Amino acid sequence: MQQKVRFQIEGMTCQACASRIEKVLNKKDFVESAGVNFASEEAQVTFDDSKTSAADIAKIIEKTGYGAKEKTEDALPQPEEAAHVSWRLWLLLAINIPFLIGMAGMMIGRHDWMIPPVWQFVLASVVQLWLAIPFYKSAWASIKGGLANMDVLVTIGTVSIYLYSVYMLFFSPHAAHGMAHVYFEVGVMVIGFVSLGKFLEHRTKKSSLNSLGLLLKLTPTQVNVQRNGEWKQLPIDQVQIGDLIRANHGERIAADGIIESGSGWADESHLTGESNPEEKKAGGKVLAGALMTEGSVVYRATQLGSQTLLGDMMNALSEAQGSKAPIARVADKAAAVFVPTVVGIALLTFIATWLVKGDWTVALMHAVAVLVIACPCALGLATPAAIMVGMGKAVKHGIWFKDAAAMEEAAHVDAVVLDKTGTLTEGRPQVAAVYCVPDSDFDEDALYRIAAAVEQNAAHPLARAIVSAAQARGLEIPAAQNAQTVVGAGITAEVEGVGLVKAGKAEFAELTLPKFSDGVWDIASIVAVSVDNKPIGAFALADALKADTAEAIGRLKKHGIDVYIMSGDNQGTVEYVAKQLGIAHAFGNMSPRDKAAEVQKLKAAGKTVAMVGDGINDAPALAAANVSFAMKGGADVAEHTASATLMQHSVNQLADALLVSQATLKNIKQNLFFAFFYNILGIPLAALGFLNPVIAGAAMAASSVSVLSNALRLKRVNIE
């Protein structure tokens with residue numbers, strides 16, 4: 001049986017490390033697929049659990065030279081520890097200070113500012129023989145794994161400079177006269193700059209890029225819980241399902257639950273993306289992480305930790321951020337051959353410079369500069385960094401993408417297919433007119449009772465409207481048995497004392513409606529009813545458009561996205577709604593198979609299609625689309641099939657999702673361009689001697705930070 005497991009990876013230094021772990025895992029016959037995300041430092045592995053286990057896979061990863069810790073779905077993602085400057089980095093930076101002063105003096109002609117060569121040797125030895133050991137370990141592990149990483153380049157370059165300087169200081173003919181040219185500062189400063197760059201990169205990845213830390217802060221650490229009739233302040237981990245919890249004004253809800261008493265207003269924007277607070281009163285639901293902006297409530301905990309909607313969102317976000325977008329393959333392919341290629345270029349640079357200049361010292365400096373400048377970190381961070389920020393931005397707007405591939409595909413969408421009921425409209429239709437078949441044995445009240453008896457077994461908004469209307473009339477609804485749903489047509493059931501009742505489309509109930517003078521029948525949704533295959537009447541149900549639907553359609557059209565309505569309702573109703581919204585493509589009387597077939601036609605015509613729906617009948621079309629969106633709280637099969645979930649039942653959130661995706665893909669392309677351009681420009685400059693190794697080291701560190709900074713710009717992108 002296939003099983004998916006996620007690991008937190010420790011010890012990766014660049015994209016080559018991630019590629020190496022992927023290569024090792026994907027060679028195993030029991031691994032179906034393995035992806036490693038350098039930015040989130042996470043591996044996602046799908047494997048055959050009849051042949052191996054998660055623990056064995058962790059051992060395989062550890063044999064490649066990295067740490068691997070399994071991440072479970074039952075527990076919430078843990079907050080990352082704040083990144084602190086280690087003593088090793090502090091010492092490195094302190095040792096760099098006298099060399100920085102010396103180099104500054106040399107730039108203005110004050111060579112006496114540089115410390116004596118012997119002291120340079122001592123400080124460089126501390127760095128090269130002790131503080132640089134993590135670089136050597138990583139480089140050796142990488143070489144053993146058959147795929148060189150960034151630390152291989154740094155190690156070759158700095159060790160070469162160090163050994164050259166030692167030779168010149170103690171063994172060259174010039175050493176006795178004090179005229180030896182040494183470059184201890186190069187190795188010291190390259191190690192220092194690269195280490196500082198790694199720290200800044202690590203801190204950005206763990207804090208600014210990831211939205212999980214902000215979500216974790218939404219759960220209170222202490223809560224007021226009733227125990228043995230008394231209110232006590234307890235840690236959140238001591239709360240149990242069924243406990244009564246009190247949340248006052250300004251406090252956050254600790255668990256999903258049902259309000260027992262009290263009332264107020266709660267801000268649930270962290271889950272829904274809706275900025276307006278919602279009213280809360282007895283019998284209503286509260287969600288973990290919500291902020292009580294007014295009032296006070298006592299609620300009974302029904303879900304805790306990872307089982308809450310907040311916990312589910314955090315686990316979904318963590319998994320989605322750790323996945324890889326297809327465009328990342330560009331960086332993966334480049335990183336796989338990058339380091340060996342750079343080593344070859346450095347060797348050619350050394351030989352060519354020596355032949356041209358006749359000075360192997362200059363040749364060595366040029367070669368080392370090539371090694372140091374050509375860091376694949378920026379390339380490896382280009383895609384995952386933008387994905388992590390983009391995913392976080394989407395979540396803030398109430399959009400949950402299942403993975404990075406879905407987000408990338410959403411960026412290409414140029415056609416959107418929308419269901420009508422519950423998507424464009426409120427999904428809360430009301431009975432606008434009733435028709436009873438002449439000479440029928442059933443009057444209007446009987447029609448309501450019989451229809452409600454069957455429809456109370458259905459979850460469709462039209463069914464709920466009929467049941468509510470019957471209850472509002474104070475009618476007694478009879479029992480119904482053996483209810484069966486006919487997808488896309490209606491529902492049947494045996495009603496006590498009546499017979500076999502069908503409720504659904506007119507043709508399903510074998511009803512031919514007469515021509516009505518009341519225009520509502522032309523634009524309303526029709527639910528016809530029959531008893532023992534004999535039609536007895538019908539209901540016309542009207543459903544108002546959502547307040548923001550017209551605005552959302554306008555946004556989609558403004559960005560060049562074609563909009564289509566495909567609904568099971570009659571053509572007249574669908575065309576009426578389409579006319580109100582200015583939508584040119586409207587299809588009614590669509591079965592689930594029809595919707596899926598039409599989506600396939602659009603794809604065949606070259607369109608990249610997004611489908612939005614919330615019902616069982618939408619599942620085939622959701623599966624057929626390039627990317628699909630389900631409404632939270634709709635049918636489980638729709639949510640399971642869809643590529644992303646919209647927390648609000650709003651097309652505006654769909655527009656947000658597509659525009660966030662477009663901004664993210666644009667950012668990825670910018671990052672990839674910068675990373676490639678940096679190396680295309682930097683390597684020739686280093687080879688020709690325009691960049692010394694120290695400047696190359698600083699530039700290399702700056703390149704990664706620049707890519708991360710560009711990714712962070714996504715947080716401020718306007719998606720109107």
Side-chain angles (χ1 to χ4, degrees), residues 87-136 139 151-197 346-347 349-351 353-354 356-373 685-701:
W87 63 265
R88 184 184 294 273
L89 182 55
W90 277 123
L91 184 55
L92 259 175
L93 296 177
I95 291 174
N96 267 266
I97 291 174
F99 289 104
L100 283 168
I101 294 172
M103 288 194 68
M106 293 173 67
M107 293 175 67
I108 60 174
R110 295 296 303 270
H111 295 271
D112 57 321
W113 286 14
M114 183 64 78
I115 58 177
V118 173
W119 280 107
Q120 292 183 44
F121 164 71
V122 172
L123 293 177
S125 297
V126 171
V127 171
Q128 212 70 51
L129 303 179
W130 179 33
L131 298 179
I133 287 177
F135 285 89
Y136 305 153
D151 290 339
V152 172
L153 301 178
V154 173
T155 296
I156 294 173
T158 58
V159 168
S160 299
I161 286 291
Y162 175 75
L163 293 177
Y164 165 79
S165 298
V166 169
Y167 169 78
M168 293 298 292
L169 180 61
F170 295 110
F171 304 106
S172 77
H174 304 288
H177 305 288
M179 298 173 62
H181 292 285
V182 294
Y183 299 95
F184 288 114
E185 75 277 5
V186 172
V188 170
M189 295 178 72
V190 166
I191 294 292
F193 280 131
V194 173
S195 298
L196 178 60
L347 184 59
T349 297
F350 177 80
I351 295 171
T353 306
W354 191 2
V356 174
K357 298 282 188 178
D359 188 336
W360 70 278
T361 303
V362 175
L364 179 62
M365 294 294 284
H366 289 194
V368 171
V370 169
L371 291 172
V372 174
I373 194 71
L685 288 176
L688 295 172
F690 293 106
L691 295 175
N692 66 44
V694 173
I695 296 175
M700 183 199 70

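Position 1 is the first residue of the sequence, and the numbers go up from there. FYI, side chains are in, hydrogens and waters are out, and symmetry mates aren't considered; it's all heavy atoms of this structure. Just so we're clear, the structure is a prediction, and the values are computed from it rather than from any experiment.
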- Query: Can you name the side-chain contact (heavy atoms from CB on, under 4.5 Å) partners of L347, sequence neighbours left out?
  - Reply: I351

- Query: For W360, does the CH2 atom have more than 12 heavy-atom neighbours from other residues, nucleotides or ligands under 6.0 Å away?
  - Reply: yes

- By side-chain contact (heavy atoms from CB on, under 4.5 Å), which residues pair with L685, not counting sequence neighbours? L681, F690, L691

What pairs of donor and acceptor atoms, side-chain ones from residues 363-372 against any protein atom, are under 3.5 angstrom apart with sequence neighbours left out?
| unit_1 | atom_1 | unit_2 | atom_2 | d |
| --- | --- | --- | --- | --- |
| H366 | ND1 | A687 | O | 3.2 |

- Query: In Å and rounded to the nearest 0.5 Å, what is the CG to CG distance from L91 to N96?
  - Reply: 10.0 Å

- Given side chains that start at C-beta, do those of R88 and S195 come closer than 4.5 Å, heavy atoms only? no

- Minimum heavy-atom distance between I115 and Q120, given as atom pair plus value: O-NE2, 2.9 Å

- Message: Distance check, rounded to the nearest 0.5 Å: I161 atom CD1 versus T361 atom OG1?
- Response: 9.0 Å

- Query: What heavy-atom pair brings F184 and L169 nearest, and what distance separates the two atoms?
  - Reply: CE1-CD2, 3.9 Å

Using residues 123-130 as the side-chain source, report each donor-acceptor pair under 3.5 Å to any protein atom, sequence neighbours left out, with the distance given to one decimal.
| unit_1 | atom_1 | unit_2 | atom_2 | d |
| --- | --- | --- | --- | --- |
| S125 | OG | F121 | O | 2.7 |
| S125 | OG | Y162 | OH | 2.7 |
| Q128 | NE2 | Y136 | OH | 2.9 |
| Q128 | NE2 | T158 | OG1 | 3.0 |

- Please name the pair of heavy atoms, one in L131 and one in W87, separated by the smallest distance, quoted to 0.1 Å. CD2-CZ3, 4.3 Å

